[in-house]
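Bear in mind that the values here come from a model prediction, so they are computed numbers and not experimental data.
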Amino acid sequence: MTMAATSALSAALLVPLLVLLHLAAAARGIGVNYGTLGDNLPPPATVANFLKTRTTIDRVKIFDVNPQILQAFANSGIPVTVTAPTATSPP
């Protein structure tokens, strides 16, 4: 096998390996958006307990600063991301 063929084979094997490693690093968990605009929603503590004990969901995003939701997830081990509308963020 020539040096050029060996280099091409090494590159052909290395690129897919690097892609797989990148994908594995990117898949860190499963998250959900927690919406509050609905009727007959369960209490936040019930939702937090359900997500922790009955699912593989390990992160939550909420769209306003809701103290009840933040309190419910405070000791759950599930990280919460809070988003704010652009109009409320400082310039």
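The side-chain contact (heavy atoms from CB on, under 4.5 Å) check on T83 picks up K61, F63, with sequence neighbours excluded.
Separating the CZ atom in R59 from the CD1 atom in I78 is a distance of 10.5 Å, to the nearest 0.5 Å.
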> Yes or no on side-chain contact (heavy atoms from CB on, under 4.5 Å) for V80 and I62, after CA distance, side-chain angles and deciding distance?
Replying inline: CA-CA 7 Å; V80 176; I62 60 175; 4.0 Å; yes
Enumerate, atom names and distances included, each donor-acceptor pair closer than 3.5 Å involving a side-chain atom of residues 30-44, sequence neighbours excluded.
none

Enumerate donor-acceptor pairs with a distance under 3.5 Å from any side-chain N or O in residues 66-74 to protein atoms, sequence neighbours excluded.
from, atom 1, to, atom 2, distance (Å)
N66, OD1, Q68, N, 2.9
N66, OD1, I69, N, 3.2

